[in-house]
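Presented below is the structure to which this report refers.
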Amino acid sequence: MTTPALSDAAALLAFDREHLWHPYTSMLDPAPTRLVTGASGSRIEIDGTGEVVDGMASWWSAIHGYRHPALDRALREQAERFSHVMFGGLTHAPAVELARRLVEITPDGLDRVFLADSGSVSVEVAMKMALQHQRGRKRPRRTRFLTVRGGYHGDTFDCMSVCDPDGGMHSMWSSLLPGQVFGERPPALGEDVTAWAEGFRALAAEHADRLAGLVVEPLLQGAGGMRPYPAECLRVFREVADEHGLVLIFDEIATGFGRTGTFFAAEAGGVSPDVLCLGKALTGGYLTLAATLCTGEVARGISGSDSGVLMHGPTFMGNPLACAVASASLDLLATGEWERDVRRINTGLQALHDVDAAEVRVLGAVGVVRLDHPVDVAKATEAALAEGAWLRPFRDLIYTMPPYVCSDADVATLCAGIAAAAEAG
Ligand SMILES: *Cc1c(COP(=O)(O)O)cnc(C)c1O
């Protein structure tokens with residue numbers, strides 16, 4: 001094994017290729033990987049390519065862009081105090097301050113906060129909350145979850161069990177996963193929801209006595225297919241959960257913090273869930289942190305379960321660096337600038353309707369182009385980079401969820417990148 005010089009791009013890439021796993025890739029025959037040497041504002045700097053606009057915002061998290069002075073400062077100041085202490089039996093100002101803000105800004109009633117270390121863990125915790133709540137309510141037979149097809153909720157086993165059953169993640173493990181109940185995908189944005197709602201209500205009624213909770217991504221199905229759907233469906237979810245005593249879990253890991261045009265996607269339907277998962281943009285893309293919020297009612301149910309406590313506690317729970325930078329990110333969001341930015345980006349993304357594609361979907365600061373065939377990712381990536389855009393297509397989808405700080409020119413670059421990727425891929 002040779003030691004690559006940290007300044008030698010070719011050596012770093014060679015070592016990476018030999019030893020480092022990347023998301024959803026083969027170790028033996030990995031797809032090409034590029035070396036990032038810097039990032040600032042809406043741009044990342046790629047070795048051999050130069051500066052490009054980041055159309056992915058680091059998987060939808062870097063909403064304020066890179067090296068934001070306020071976020072950098074929050075991180076530095078907390079590092080000078082202390083970087084981490086265990087959360088068992090101890091607490092600290094960054095966690096308390098973040099929890100206070102989350103309770104204040106989230107939909108009504110969500111006032112108990114669990115700080116997890118990743119989105120998947122926050123969904124695991126949400127599902128565990130629902131199960132323990134039902135046990136506490138003396139309904140131990142309620143161990144399954146209702147969801148809809150086309151969803152994505154993370155990569156750990158319980159999360160995979162509520163991902164789209166026909167997606168690769170789920171189907172590969174189907175014999176090992178808990179059997180959940182899947183309703184049809186909600187209709188596309190603009191379509192009538194009546195028939196779908198009828199079917200979904202009937203399915204819930206059929207399985208109700210075994211169901212602990214209903215878990216969905218509100219308003220936009222993200223990694224399961226980048227599909228926005230009508231806000232009326234959120235009211236159907238709320239009604240179904242109420243009618244059958246299910247814990248309603250909204251996974252807003254992708255949609256939270258303004259991405260779809262409202263601060264939380266739940267607001268678009270005017271409903272509050274019983275449990276809410278937040279992640280991705282929570283720290284403005286700086287560090288891994290997620291949160292699961294629940295109502296006092298759910299917390300009381302959990303307290304009534306045999307153990308009387310919520311059985312979860314990650315080593316890095318409530319990490320102070322992550323909490324401090326999350327509060328600084330919420331300060332930036334509190335100025336309300338995000339709303340103008342998201343609207344502005346939305347206007348710019350309308351240019352995607354000129355792309356030659358099977359379907360174009362634009363919601364908030366999300367722009368999606370669907371081709372009529374699987375994208376050749378390598379070719380599409382090259383073509384987008386040639387236009388100065390970093391994109392990461394998957395399946396038949398080429399899309400962008402850029403940082404809110406993107407200028408109009410950046411958004412135009414991303415649209416040009418998507419058009420070029422669609423043509424090449
Ligand atoms: C990304 C995502 C997750 C998983 O979050 P990780 O931090 O990657 O574990 C769960 N749910 C949704 C909706 C997501 O977009």
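All of these numbers come straight from a predicted model, not from anything done at the bench. Computed over heavy atoms, backbone and side chain alike; hydrogens, waters and symmetry mates excluded. Both ligands and their constituent atoms are indexed starting at 1 by order of listing.
- Residues satisfying the salt bridge (Lys or Arg N to Asp or Glu O under 4.0 Å) criterion with R149, sequence neighbours excluded, are D166.
- Residues lining ligand 1 at a heavy-atom distance below 4.0 Å are given as W60, S118, G119, S120, Y152, H153, G154, E217, D251, I253, A254, K280, ordered by chain and residue number.
- Among residue pairs with one or both ends in residues 263-280, those qualifying as side chain to side chain donor-acceptor pair (under 3.5 Å) are R238-D274; sequence neighbours excluded.
- Between W196 and F237, the angle of the ring planes goes over 60°, which puts this pair in the perpendicular group of the 30/60° scheme.
- Between the side chain of Q134 and the backbone N or O of G245 there is at least one donor-acceptor pair closer than 3.5 Å.
- The ring-ring contact (aromatic ring centres under 6.0 Å, His included) search around H22 returns none, not counting sequence neighbours.
- Remark: aromatic rings of W173 and F157 are close, center separation under 6.0 Å.
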